[in-house]
Asker: 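One structure, as structure tokens, below. Some questions next.
Naming: A, B, ... by sequence-line order, numbering from 1 per chain. All values derive from a computational prediction rather than experimental measurement.
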Amino acid sequence: MMSDAVEKAFAAIPGLISGGLTTITAGSPIHVQGFPSFVHKVCSLTSKYEEEQVVKRELTLVKQRLAQPNITQAQQADCLVRLLFAHVLGYDVSFGYISAVKLAQQGTLAYKRMGYLACTLFLHENHELVLLLINTIQKDINSSNIMDVCMALTATCSLVNTEMIPAILPFVQEKLKHQKEIIRKKAVLCLFKFHRMAPNSVQHIHPSFKEALCDKDPGVMWSALHIYHDLIKHSPSEYQDITQSLVSILQQVVSRKLPADYEYHHVPAPWLQIKLLQVLALLGKDQQKISRVIHPVLAEVLQRSESNQNITFGVVYECILTITSISPDTRLLEYAAKCTGKFLRSKANNLRYLGIKALTKVIQVAPQHALDHQMTVIECLEDPDHTIRAKTLELLYRMCNSVNVKVICDKLLEYMEKDTEKSIKGDIASKISKLTEKYTTNVQWCIEIVNRMVLLEDSLVPQSTVTSLIQLVKDASLRGEDSVLLFAVQTYWELLQRKDVPNKLIQIGAWILGEYSQLRVVDGFNIQDLLQVFQRLLVSSSTSCDSKRWLLTAVTKQVLHCENAKEYVTQLAQHLQNEDDADIKQRLRELQNLCQEPMTTFAQVRTECQKEQEEYDFSLSFLDNYVSEALEGGAKAYCPLHLRNMKQKSQDTPQVSETSFFQGMNFLPYESPTASISSPVGDTSVKSGSSGGRDNRDGELRLKAVKKLWGHTGRLEQEDEVDQTLYEENISEKWMEDRKVSDKSQDLSQSSPPSLELAEKRRKQELASALFGGITRSEDIKNDFIENPVILPVGTNQTLLNTDNTER
Amino acid sequence: MLNFIFLVNKQGQVRLSQYFKHQDENERRDIEPEIVKKCLNRQENQCSFLDYKQYRIIYRKYASLYFIVAADEEDNEMAVYEFIHHFVETLTSYFDKVTEIDIMFNMDKVHMILMEMVLNGEIVETNKNRILAPLRTMDHASKR
């Protein structure tokens, strides 16, 4: 390879000399070695140390050369290229920045271009040397030479800062009306940059944006589209009037009305199509009227995207995203789901990746489509490619409902354990936290999941998880769910006795044990032991300041129940005397003061308070005399709230008498529901939690193909073999269909014995049923498109992929 | 939007880099090797997209050279993937069978082509004739 490099290097030199940009001047006072030989030298080295030596030597030479007064533009350009090369290798070339500025100012044509290029790559908008370029840029924008104008406008996009905008904006505005489309395009791009940096600076020239969008040149229009994308992201409702223009532009692009050189592999301007789709998605979001305008062109885009090329798939993918972002059209959604399926069944990993992402968006709008791809999703979950696995976890998270949340959380925790990337672990942790905050019916499960998560990765779990879990337990105690509290106390009592307790567990445990330990006192639970555990944790160096504060609060709550509280607190204060935190010192001081009171007195006070509470007569019978006297004196009798409201209503409609008002109303409570526990699978009247409520016809869920996993008593045992085989038949039928199309993509265990294969298949089917539980397939899809039905693309069964699932 | 692009060879040497959004030198020195290492460790049969910090990395291998682009999470990955290919096709069109050596020795021209195609992190031009027009005009002018 090296000899090829040498050959090519020397072969290239004459070409470079005639190119006029880099020259080797043999007759100059200091021998200028030139860029090509520099590159050649660096490439022939093998060690980093040697490279450093060579580069540093070269940079010294360049520095000397640049300092000379009689240097030509060609030599300057050559030096700058060498500096560029060294800069890419990671060396500091800041001494050369000023030469770049000078060459941009003084150079002509190719050398000026080199100067601008070097400035763009070396400098940035906040660099102090950028200000020196203002005059040059202004001069060049006004130049009669089109190349100079182009260079200046391109450099403006990279180098301008907010202070320079007012100085350059008028010159740029003039160029918007230039006859050459390249100049107009670059001027619009400058405005795009100005808008991004300081929207207020271009507030007054919004009409120019509109003009540019309607420009006959596609390049100018495309540049204006970028500005509109930014504007619409910020406030979509203000720009709905351009929807029709964008729809017609997209229609023209798709119908190949653009010149042929905009095509890429016979696809007309695909990146422009994608950008238009992105903008239309923003405009149509939550806007039914606008969406209806957009639907036809989406159908057309899908219809015309027939070729088996990556870029076509990219356009189709973007189209699916747009369909799922705007107000839905059922037929388009179905077609989008079909395309998603084709992506998922592909052999190419890139397409499967797109498929998973597309499915994530589709199920947020139409959850039933997840059922079609159960086994493919399971395959992706166990794919050796880490990126696909991560995206599938995201899909599972979006698919969550109250039925499958436990299985999905288990899967997420499994990956949290296995994965090594911190950012992904953190992402999973926040997902699980959100799920525990959303599905709060089973508090014990929430506690278990949070504990498992914190034991895995304490630092990545958000702090809000701690507070929300505590809130859950508090709510449970208000509802009088003693079993939950007992469970919580037992769990945290065991956890806090471990050797290394993560901080968040300390905090939650401290609060729960502080509040509810009394529940366990009846079991012979010792407060002394609890206080010892608290002390051990307070003294430990791995406990954070935050956790210590929680612990001290818990100690304060519990120490009053203890006999020798004073001694305990004194000992604690001794251990913690080296604490720097003011808050902790304050709390300790308060605790000590509290314990100064003789405990007998304090206990007495406490018991008296409790007695008083028991003595309170909440029926207020001591006021009976007063009430009867008042009634005799003519006062009105007390009327309860619900009767008061009814009376008010009856007063408003004076004709209705009280007795007729209540006629026909049933005041007897309904019977408690008696759902059958062991119902067969085919029973359609079973109620279970589901988030697909939108498609219910008569309040009952149709769960023909979904196995019932949860009943009143908890998870059902898988005893009924008849039911299982029926279920397996249903699932395997579906799976066989999918498998027929994507036979080659299912490359599992072909060489393993049949029994292993069967076991693997069964495990996956069980996993699929667990993960996809609660998602219903609606039979009667409502078509809410009555006025202007979308004309479905012809040949919807056309594959996006070849029969052997390759994309090319 | 696209944040940066770099071209790396199999030994991990960076041949070209362009940052569309300014990044501090030290940050560049930290993230470049990490991203390069991740891409070089990928297998042939894995997909060409991966996540790194707040970026979505899309990479593509051409002979000995890896083209690595960092985009945002909301970008269309396939569009960027194909953009890389289009960039390579444009280079081939200009240099006639482009190789790593051509890119190294004509670093300035490769930068200019890239600047015509991407500005402010957005793909702004994909018409090959329009991209190469300024360069060809300049070449023609300097020959005279």
Asker: Taking all atoms of both residues into account, what is the closest heavy-atom pair of Lys357(A) and Glu73(B), and its distance?
Answerer: NZ-O, 4.2 Å
Asker: Within the structure provided, determine whether Met151(A) and Met138(B) are in side-chain contact (heavy-atom separation under 4.5 Å).
Answerer: yes
Asker: Could you go through the side-chain contact (heavy atoms from CB on, under 4.5 Å) check for Val124(B) and Trp222(A) one step at a time?
Answerer: CA-CA 7 Å; Val124(B) 295; Trp222(A) 191 354; over 6 Å; no
Asker: In terms of heavy-atom proximity below 4.5 Å to chain A, should Asn120(B) be classed as side chain, backbone, both, or neither?
Answerer: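 It is both, since atoms from each part get that close.
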Asker: Which word best sums up how the rings of Phe49(B) and Tyr353(A) line up, parallel for under 30°, tilted for 30 to 60°, or perpendicular for over 60°?
Answerer: tilted
Asker: Take atom NZ of Lys180(A) as the centre, draw a 6.0 Å sphere, and report whether it contains more than 12 heavy atoms from other residues, nucleotides or ligands.
Answerer: no
Asker: Go through the steps to decide whether His86(B) and Trp271(A) satisfy the test side-chain contact (heavy atoms from CB on, under 4.5 Å), and finish with yes or no.
Answerer: CA-CA 11 Å; His86(B) 188 45; Trp271(A) 289 277; 3.8 Å; yes
Asker: Quick check: do Gln278(A) and Glu74(B) have side-chain heavy atoms less than 4.5 Å from each other?
Answerer: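 SC-SC contact between Gln278(A) and Glu74(B) ruled out.
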Asker: With only heavy atoms counted, which part of Leu189(A) is less than 4.5 Å from chain B, the side chain, the backbone, both or neither?
Answerer: both
Asker: Check each atom of Phe83(B) against the heavy atoms of chain A and say whether the ones under 4.5 Å are side chain, backbone, both or neither.
Answerer: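 Both parts, backbone and side chain.
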Asker: Closest approach of Cys43(A) and Met104(B), non-hydrogen atoms and distance?
Answerer: SG-CE, 2.9 Å
Asker: Under a plain distance cut-off of 3.5 Å, with no hydrogens placed, do Glu89(B) and Tyr264(A) share a side-chain donor-acceptor pair?
Answerer: no
Asker: Check the pair Glu125(B) / Lys185(A) against side-chain contact (heavy atoms from CB on, under 4.5 Å), numbers first and verdict last.
Answerer: CA-CA 10 Å; Glu125(B) 187 61 78; Lys185(A) 183 186 87 171; 2.8 Å; yes
Asker: What part of Tyr116(A) is in contact with chain B, defined as an atom under 4.5 angstrom from a non-hydrogen atom: side chain, backbone, both or neither?
Answerer: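 No part of it gets close to chain B.
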Asker: For Arg352(A), is it the side chain, the backbone, both, or neither that has a heavy atom closer than 4.5 Å to a heavy atom of chain B?
Answerer: neither
Asker: For side-chain contact (heavy atoms from CB on, under 4.5 Å), just list the numbers for Val88(A) and Arg15(B), CA-CA rounded to whole Å, side-chain angles, deciding distance to a tenth of an Å, and then say yes or no.
Answerer: CA-CA 7 Å; Val88(A) 167; Arg15(B) 291 297 177 220; over 6 Å; no
Asker: Over 60° means perpendicular and under 30° means parallel, so tell me whether His265(A) and His85(B) are parallel, tilted or perpendicular.
Answerer: tilted
Asker: Checking Arg42(B) against Thr387(A): is there a side-chain donor and acceptor pair closer than 3.5 Å?
Answerer: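 Per modelled atom types, Thr387(A) and Arg42(B) side chains form a pair under 3.5 Å.
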Asker: Under a 4.5 Å heavy-atom cut-off, does chain B meet the side chain of His229(A), its backbone, both or neither?
Answerer: neither
Asker: By a 4.5 Å heavy-atom criterion (distance strictly below it), what part of Ile274(A) contacts chain B: side chain, backbone, both, or neither?
Answerer: side chain
Asker: Does any backbone or side-chain atom of Ile182(A) lie under 4.5 Å from a heavy atom of chain B? Answer side chain, backbone, both or neither.
Answerer: side chain
Asker: By a 4.5 Å heavy-atom criterion (distance strictly below it), what part of Glu263(A) contacts chain B: side chain, backbone, both, or neither?
Answerer: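 Contact with chain B is absent: no heavy atom of Glu263(A) under 4.5 Å.
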Asker: Which atoms of Cys150(A) are under 4.5 Å from chain B, going by heavy atoms: the side chain, the backbone, both sets, or neither?
Answerer: neither
Asker: With respect to chain A, which residue among Val14(B), Asn129(B), Ile123(B), Leu50(B) yields the maximal number of heavy-atom pairs within a distance under 4.5 Å?
Answerer: Ile123(B)
Asker: Do you see a donor-acceptor pair shorter than 3.5 Å between the side chains of Gln46(B) and Asn349(A)?
Answerer: no
Asker: Would you mind checking which part of Pro259(A) comes under 4.5 Å of any heavy atom in chain B, side chain (CB onward), backbone (N, CA, C, O), both or neither?
Answerer: neither
Asker: Are Leu135(B) and Arg113(A) side-chain neighbours, meaning at least one heavy-atom pair lies under 4.5 Å?
Answerer: yes
